[in-house]
Each structure stands twice: as structure tokens, then as C-alpha cells.
Peer 1: 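Mind looking over this structure? Questions follow.
Letters go in sequence order (proteins before strands), and every chain restarts at 1.
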Protein chains: 2
Amino acid sequence: MRVGELSRRSGVSVASIKYYLREGLLPPGERTGPNQAAYDDGHVRRLRMVRALIDVGGLSVAATRGVLAAVDDPEVPLHEALGRAQATTTPRHAEDADPDDEARAGAEQALADLVADRGWAVSPANPAWSTAVGVIATYTRLGDDDLARQLGLYAEAMEGVARREVAAVVERGDRARTVEGAVVGTVLGDTLLAALRRLAQEHCSVQLLGGRAGADTGD
Amino acid sequence: MRVGELSRRSGVSVASIKYYLREGLLPPGERTGPNQAAYDDGHVRRLRMVRALIDVGGLSVAATRGVLAAVDDPEVPLHEALGRAQATTTPRHAEDADPDDEARAGAEQALADLVADRGWAVSPANPAWSTAVGVIATYTRLGDDDLARQLGLYAEAMEGVARREVAAVVERGDRARTVEGAVVGTVLGDTLLAALRRLAQEHCSVQLLGGRAGADTGD
DNA sequence: GCTTATCGGACAGTACAGCTATCCATAACT
DNA sequence: AGTTATGGATAGCTGTACTGTCCGATAAGC
């Protein structure tokens, strides 16, 4: 198939397909002549994945490229591919380490304690680590310590989720599909969890505060 | 205090403060002359909150303005303010309802079943509803049904989190602080939960797959 | 009282992301 | 043979989030 059909089948405009080709999100088609190329179902799949990561997962084009690179490279062992995919999907909050930042130091300690309590084997080099530290620090800086007190609860909930997710990922055969599924699951899972949290909040809020559900029309 | 000091105390440049004033994220200072105004600690707090929502929570300036509008309006009852804050912080995935979209219809059903199973009292008008439907539909469209099978787990985890969060919010006095805390908790909580999920995944992945932690340096 | 820094306000300009449009020589359908 | 589509390159567009510059007015230091 050529771009026209690829576009029709994927719902992505030809112009955007060309853009994704340029940006390396979509591998070039197989050449059938000096200026002619053919695409296959793999391209349709890939295109759908790109749109899912960008539109639903909210990744940037650059982050998407990073994720796909990890998915594609068969050299990389599974657990590392997952880690790398994770790393590229975790937005980096630079923060640039203000040396005497009390809030951040406290947050770092709080997270270290939490991890120790739960017996987690994690490395502070994981970008998620500094993201978490940043959030905790921000929260305490805003003068609210609720979130800090709920940290254990959050960690427990996420451990339960992660355990089942990792187990589900591991018990599969095909590496390519495994990595792909894990990546999509990680990225889309964030969005899904956030949405379910809001629905659960609405439910609990109705229960406790009475009245109608909170989120009528918004804006 | 005037802009210069406000800038120093908040770490936000004067130019950005002026921008936030123009965009209505920061209320104008109290006028002390035809072209002179004074700011107070409330402005410092507000500015910190703006940066937290934008930098850490990843909200756009427009979304931030919506959130703050809900926080500020004392007419709105608490549970509705929370809902509206929620609505504005839930990114709208337009989707524009393709009429015969099988995946979406199935996803809608799956979510309805889930909500019924758990006995949640939620309205499909909640923007989080259509976000969740969109994610589930995308997942099935990508040909993977793991996430769909994990839906119940996700919902359970989020219900546990939400129950404690709502309880924590309700038991406070001051309305303004309550709403503010809830908003910040909702927005920053998303980021924190995502980060903790990744850390938990790393831990579980190390346990199950052996080898080093997955997220060494990334990209 | 005079100088110099700072202020608020308005508006133009910048940087980047993510497309979108146009052009052109070739190739494919009809 | 003529219309339409293709690959490839490059220019342009739209939106977001600032940043820089200019202005006349004011405040602060001497």
C-alpha cells in the first residue's frame, strides 16, 4: 500500500504521515522504485500506536520517538527495554538542585524512608525518583502536608497495581509484543488511573458531602 | 510590596508576573496611585501555586486559570468547587464521537459495568468518564486486552486512594484552604501516583525478571 | 530638589512544538 | 495521453508561553 491508503486506514493525514516519517516515528516504507515506496500493516499498527501515545498518553513527539526506539531495539534485554521506555515516558522536572533547598531535602528523605519501609529495590537514578521528590517538595512548600501523610497509602496502592501489571507482562511470549504492550500500558495507564481516580473521588465525595455529583459541566 | 520584591520572593521573573497578571492567573495588586500597586503574601502564595500547577502538575496556563477560578469563587459550594476544579484539570480528549465506533461502544460498556459492579455513584457527564472510555477504547483498538482485564484492579486501587483523600479534605475548616488543598492534591497527586507507579514497577520488575533495575539512564 | 532606579502598562518579538501547504519530478491508474 | 497520486524537500502556519523594549509616572537615595 502507499501513503494514500495508509492515511485512509489509519485516519492520519498524508501530511502528518510524512511528518512522522521525517521525525523517525514511522519507519520508511519498502522501496519499490527510485521514488516509490510500499507500506504494510505494521505501518498501520505503528501509526495507531503513535497517535495513542501522543493523543491519549499526552507524550511529545520527541518522547514518543524515544519510547519507540526502545521498543524497536532487539539488542536491549526486556527488563532494560521496559526501564528505558519508562525513563523516556517520565517527564523530567529539571529542578536543577538548589543546594540549600530544605523542602527538597526533606522530600528526598521522606521518599527514602518510604522506599525503605516498603522494602522497594529502586534506584534514585530512576527519573521517577526525582519527579516524586519534586512533587513532595512542592506540596510541603505550599504548606500542606496532607499529601505527605498519604504517601504510604499511595505507595501501597501503586505497588498493588504494579505487581499485577509486571506479572501480566512477564507471562507472555513474543518480545516485540510484550514490550509494546508494556509501553502502551505504562503510558495509557497513567491517563486511565488519573481518570478513574477522579471518578472514584466523585463517588466518595457524593457519599460524604451529599448533594449531586461534583463534576457537572465544568470550566 | 511591589513587583520587584514579589519577583524575588516567589522566584518568578517580573516579566512572567506581568504575563500572569494579564492572563488573570494572578489578581491585580491593590492600587496605591494612578500607576502604582501593592502586592501581599497572598500574591506570593498564589504565584507559588501557579508554578506548582504549571511546572509540576503539567497544566496549561488556560487550565490553571480555570482551576483558580473555581478555587476563588466563594459562591460555589464545596463539593461543586471540587468537581469543577476536577473538571478543569481533566484534559478533554475530544474524540468527537464517531457514530459507529465499535471500540468506543465496547469501552463505554466496560466502564459502565465496572462502575455498576463497584456501586459507584458517578455521572457520565464527568469529563473523566469520557477520558477513561477513550483510553479503554484505544487500548482495545491496539489489540491488547490486558488493561481491560486489569480495569477492576485499577478501580479498586483508585477507590481506596480517593476514599482517604476525600475524607482528609472534608475534615477541615477553612473553605478557601480546603478547596486549594484539594485542587493541588488532585493535580499533583496525578504526577505523584504516576511516579510511584514507575518506582513500584521497577521494584517488581527487578523481583520478577532479575537483573538490575530497569531505569538506569534512559534517554 | 535632583538624579537614578523601579514601576505599571502596552505591545512587539521570540522560541519551540506540531503540524500543514506548496512545489516538483516521477510514477500509477484509466 | 492525460489526469491523479507519490516521495521528497522546504517553507509556512498556528498556538503556547513567555521575554524584551519602550513609555511616562513615581519612588528612593543623596
Side-chain angles (χ1 to χ4, degrees), chain A residues 1-40 43-44 46-47 49-68 88-89 91-94, chain B residues 1-40 43-44 46-47 49-68 88-89 91-94:
Chain A
M1 110 190 54
R2 294 178 305 168
V3 267
E5 196 180 340
L6 182 58
S7 169
R8 245 169 291 118
R9 283 221 241 163
S10 63
V12 178
S13 75
V14 172
S16 293
I17 291 175
K18 286 183 174 185
Y19 171 64
Y20 293 147
L21 284 166
R22 276 201 306 283
E23 292 295 319
L25 302 193
L26 195 64
E30 199 189 340
R31 306 306 306 267
T32 62
N35 60 349
Q36 222 53 201
Y39 306 93
D40 57 24
H43 289 92
V44 179
R46 169 57 67 101
L47 218 33
M49 188 153 159
V50 166
R51 296 318 292 239
L53 294 175
I54 290 175
D55 293 345
V56 184
L59 295 194
S60 68
V61 167
T64 304
R65 180 173 39 231
V67 169
L68 295 174
T88 41
T89 59
R92 249 169 246 288
H93 298 277
Chain B
M1 104 189 65
R2 293 178 306 169
V3 267
E5 195 178 342
L6 182 57
S7 169
R8 245 169 291 117
R9 282 221 241 163
S10 63
V12 178
S13 74
V14 173
S16 293
I17 291 174
K18 286 183 175 184
Y19 172 64
Y20 293 148
L21 284 167
R22 277 200 305 282
E23 292 296 317
L25 302 192
L26 194 63
E30 199 190 339
R31 306 307 306 264
T32 62
N35 62 347
Q36 220 56 200
Y39 306 92
D40 57 25
H43 289 91
V44 179
R46 169 58 66 103
L47 219 33
M49 188 154 159
V50 166
R51 296 318 293 237
L53 293 175
I54 290 176
D55 293 345
V56 184
L59 296 194
S60 67
V61 167
T64 304
R65 179 173 40 231
V67 169
L68 294 174
T88 41
T89 60
R92 248 170 247 288
H93 298 279

Peer 1: How close or far is atom P of D:dT19 from atom CG of B:Leu21, stated in whole angstroms?
Peer 2: 15 Å
Peer 1: Just how far, in rounded Å, is P of D:dG12 from OH of A:Tyr19?
Peer 2: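 Rounding to the nearest Å, OH of A:Tyr19 and P of D:dG12 are 18 Å apart.
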Peer 1: As a test of understanding, state which of B:Val12, B:Asp40, B:Ile17 forms a side-chain contact (heavy atoms from CB on, under 4.5 Å) with B:Leu6.
Peer 2: B:Ile17
Peer 1: So if I take every side-chain heavy atom of A:Ser60 and compare against C:dG18, D:dC18, C:dG8, which nucleotide ends up nearest?
Peer 2: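 Of the options given, the side chain of A:Ser60 lies nearest C:dG18.
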Peer 1: Specify the separation, in whole Å, of atom NE2 of A:His43 and atom P of D:dG7.
Peer 2: 11 Å
Peer 1: Measure NZ/A:Lys18 against P/C:dA21 and give the value in whole Å, please.
Peer 2: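 In whole Å, C:dA21 P lies 12 Å from A:Lys18 NZ.
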Peer 1: Answer with base, sugar-phosphate or nothing: what part of the nucleic acid does B:Ala15 contact at a heavy-atom distance below 4.0 Å?
Peer 2: base
Peer 1: Over how many whole Å does the gap from A:Gln36 atom CD to D:dT4 atom P extend?
Peer 2: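 A:Gln36 atom CD is separated from D:dT4 atom P by 18 Å.
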Peer 1: Rounded to the Å, how far apart are B:Ile17 CD1 and D:dG20 C1'?
Peer 2: 16 Å
Peer 1: B:Asn35 has a side chain; which of D:dG24, C:dG18, D:dA17 sits nearest to it?
Peer 2: D:dG24
Peer 1: Give a yes/no answer on whether the side chain of B:Ser13 brings an N or O atom under 4.0 Å of OP1 or OP2 in D:dT19.
Peer 2: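 The answer is yes; a side-chain N or O of B:Ser13 sits under 4.0 Å from OP1 or OP2.
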Peer 1: OP1, OP2 of D:dT26 versus side-chain N and O of B:Arg31: anything below 4.0 Å?
Peer 2: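 No, B:Arg31 has no side-chain N/O under 4.0 Å of OP1/OP2 on D:dT26.
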Peer 1: Contact class for B:Gly4 vs. all strands (heavy atom < 4.0 Å): base, sugar-phosphate, or nothing?
Peer 2: sugar-phosphate
Peer 1: State which residues pass salt bridge (charged side-chain N to carboxylate O under 4.0 Å, His left out) with B:Arg22; sequence neighbours excluded, sorted by chain then number.
Peer 2: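 Per chain and number, B:Arg22 pairs via salt bridge (charged side-chain N to carboxylate O under 4.0 Å, His left out) with no residue.
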Peer 1: Starting at the 5' end of DNA chain D, which residue's closest nucleotide do you reach first, B:Val61 or B:Thr32?
Peer 2: B:Val61
Peer 1: Does a donor on one side chain and an acceptor on the other come within less than 3.5 Å for B:Tyr20 and B:Arg51?
Peer 2: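 There is such a pair (donor and acceptor under 3.5 Å, judged by atom type) between the side chains of B:Tyr20 and B:Arg51.
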Peer 1: Specify the separation, in whole Å, of atom CE of B:Met1 and atom C1' of C:dT6.
Peer 2: 16 Å
Peer 1: Pick one: which of B:Asp55, B:Leu68, B:Leu26 meets side-chain contact (heavy atoms from CB on, under 4.5 Å) with B:Val50?
Peer 2: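 Running side-chain contact (heavy atoms from CB on, under 4.5 Å) over B:Asp55, B:Leu68, B:Leu26 with B:Val50 returns exactly one hit, B:Leu68.
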Peer 1: If you only use heavy atoms from C-beta on, which nucleotide in D:dA5, C:dC19, C:dG8 is closest to the side chain of A:Arg2?
Peer 2: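 Selected nucleotide (nearest to the side chain): D:dA5.
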Peer 1: So, does the side chain of B:Arg22 form a donor-acceptor pair with the base of D:dT19 at under 3.5 Å?
Peer 2: yes
Peer 1: Check whether any side-chain N or O of B:Arg65 sits under 3.5 Å from a backbone N or O of B:Glu23 as a donor-acceptor pair, and report yes or no.
Peer 2: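 Yes: the side chain of B:Arg65 pairs with the backbone of B:Glu23.
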Peer 1: Just compare D:dG7, D:dC18, C:dC7 and give me whichever is closest to any side-chain atom of B:Ile54.
Peer 2: D:dC18
Peer 1: Should B:Tyr20 be listed as having a side-chain N or O under 4.0 Å from OP1 or OP2 of D:dC18?
Peer 2: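 It does, given that an N or O in the side chain of B:Tyr20 lies less than 4.0 Å from OP1 or OP2 of D:dC18.
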